[in-house]
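What follows is a short report on a single structure.
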Protein chains: 2
Amino acid sequence: MQKQQNLSKNQQIIFDIIHNSSEPLKAYSILFNVQKKGIKAPLQVYRALDKLVELGKIHKIESRNAFIACQNSSCQISKATAFSICESCEQVSEISNTKLSKYLSNFTDEAGMKYNKYNLEFFGLCKKCKSK
Amino acid sequence: MQKQQNLSKNQQIIFDIIHNSSEPLKAYSILFNVQKKGIKAPLQVYRALDKLVELGKIHKIESRNAFIACQNSSCQISKATAFSICESCEQVSEISNTKLSKYLSNFTDEAGMKYNKYNLEFFGLCKKCKSK
DNA sequence: TTATAAATGTTATATTATTACATACTGTTA
DNA sequence: TAACAGTATGTAATAATATAACATTTATAA
């Protein structure tokens, strides 16, 4: 329940739920979970999610429309993200690999373009599911 | 309008529209475009899209919920995809860079896991937008 | 030719996300 | 402290994206 400075009430409530979850959470499942705390409308959830993403406290898993807490203490702003996703159990982990992030941050395309931001999603079977 | 063998009627109609588009297309914009051709329901579009993705003829740009034709002739099955996305004009290009794809296909995480599939989206400003 | 898989058609509905507008809170600075 | 600006909240309505369920047809191949 680690208290985060400078989050607003709704932002804190929603961050806590995501942070305490062992799996990525979808917006409407978050909504369902926070209705007892007085957050009643989708927009209240989406606004907090937007802000938390902007702050780098959470990331959106684009292929799943779901959100996880940032697992990478150094990632203040989420402009360089990488995840592994198990296609069987849907477990998601954030990858923090210095070589990978350096490689991608320095990547230059055929036209000489560099990019200030990327998102990478790996898919496969996690250890548990592979051994089944 | 290049005729593709072994696509069904709806698949062919929808592939042609995506293939001839200069920008990624969203499912409901495709639907709107094909209503004159007798495709009336979202599901008809989504089914064709699913199949085309499975065949590697098109790719889904996850962060945009939109679809583009595969620009990489060698990419039969879309299990290793990379795109550059302009955050200003929303132009999207598929990146086919052998070094990058080798690097990512061989990537091994801290736990020794390899992945059989990935999707990478780079964000930035395209040449045109940068020079504005 | 018959049976199996793939594709289609149709209606309804589920899920994800935003617009628009009114109000309240928080932190500055005059 | 008053006035202001910026951020956050509340609420209702609706837009945009995607799937379930079921009936039927077409293509393929044994």
Could you state the CG-C1' distance from L49(B) to dT19(D), rounded to the nearest angstrom?
13 Å
Quick one: ring pair (Phe, Tyr, Trp, His ring centres under 6.0 Å) pairs with a partner in residues 78-101 of chain B, sequence neighbours left out?
H59(B)-F83(B)
For L100(A) and A82(A), the nearest pair of non-hydrogen atoms, with its separation, is CD2-CB, 4.1 Å
Please report the distance, rounded to the nearest Å, between CD in Q35(A) and C1' in dG10(D).
14 Å
In the hydrophobic clustering that connects Ile, Leu, Val, Met, Phe, Trp and Tyr at side-chain heavy-atom distances below 4.5 Å, which members other than L43(A) occupy its cluster, ordered by chain and number?
none
Remaining members of F32(A)'s ILVMFWY cluster at a side-chain heavy-atom cut-off under 4.5 Å?
none
Is there a side-chain contact between K9(A) and the phosphate of dT7(D), meaning an N or O under 4.0 Å from OP1 or OP2?
no
Can you tell me which residue pairs pass the side chain to side chain donor-acceptor pair (under 3.5 Å) test with a partner in residues 118-127 of chain A, sequence neighbours excluded?
S63(A)-E121(A), T81(A)-N119(A), N119(A)-E121(A)
dG10(D) phosphate, OP1 or OP2: any side-chain N/O from K40(A) under 4.0 angstrom?
no
Taking side-chain contact (heavy atoms from CB on, under 4.5 Å) as the definition, give me every residue that meets it alongside K128(A), ordered by chain and number, with sequence neighbours left out.
C126(A)
Measure the angle between the two terminal helix axes of the helix from dT1(C)-dA30(D) to dA30(C)-dT1(D), five base pairs each, and quote it to 10°.
30°
Between the protein and nucleotides 12-18 of chain D, list the N/O to N/O atom pairs that are separated by less than 3.5 angstrom.
unit_1: dT17(D); atom_1: OP1; unit_2: K26(B); atom_2: NZ; d: 2.5
unit_1: dA18(D); atom_1: OP1; unit_2: K60(B); atom_2: NZ; d: 2.8
unit_1: dA18(D); atom_1: OP2; unit_2: Y46(B); atom_2: OH; d: 3.1
unit_1: dA18(D); atom_1: N7; unit_2: Y28(B); atom_2: OH; d: 2.8
unit_1: dA18(D); atom_1: N6; unit_2: Y28(B); atom_2: OH; d: 3.1

Nearest whole Å is fine: how far is dT15(C) P from L25(A) CG?
16 Å
Contact list for residues 84-93 of chain B, test salt bridge (charged side-chain N to carboxylate O under 4.0 Å, His left out), sequence neighbours left out:
K117(A)-E87(B), R64(B)-E90(B)
Residues 45-53 of chain A side chain polar contacts: donor-acceptor under 3.5 Å, at least two apart:
none

Rounding to a whole Å, what distance do you find between Q11(A):CD and dT26(C):P?
12 Å
Partners of K130(B) by side-chain contact (heavy atoms from CB on, under 4.5 Å), sequence neighbours excluded?
M113(A), L125(B)
Quick one: is S8(B) getting a side-chain N or O under 4.0 Å of the dT8(C) phosphate, OP1 or OP2?
yes
Just N and O in the side chain of Q44(B): are any of them under 4.0 Å from OP1 or OP2 of dT8(C)?
no
Is it true that a side-chain atom of S21(B) and a backbone atom of I17(B) form a donor plus acceptor pair closer than 3.5 Å?
no
Taking protein heavy atoms under 4.0 Å as touching, what does nucleotides 23-30 of chain D look like 5' to 3' if B marks base contact, S marks sugar-phosphate-only contact and - marks none?
--------
Could you note down all residue pairs passing side chain to side chain donor-acceptor pair (under 3.5 Å) where residues 22-33 of chain B supplies at least one of them, sequence neighbours left out?
none
Same apolar cluster: Y115(B) and I85(A), side chain cutoff 4.5 Å:
no
What is the distance, to the nearest angstrom, from the CG atom on N10(A) to the P atom on dT11(D)?
11 Å
In whole Å, I'd like the distance from the CD1 atom of I39(B) to the C1' atom of dG9(C).
11 Å
In whole angstroms, the gap separating C1' of dT16(C) from CZ of F32(A) amounts to 17 Å
How long is the line joining CG of L31(B) and C1' of dT19(D), in whole Å?
15 Å
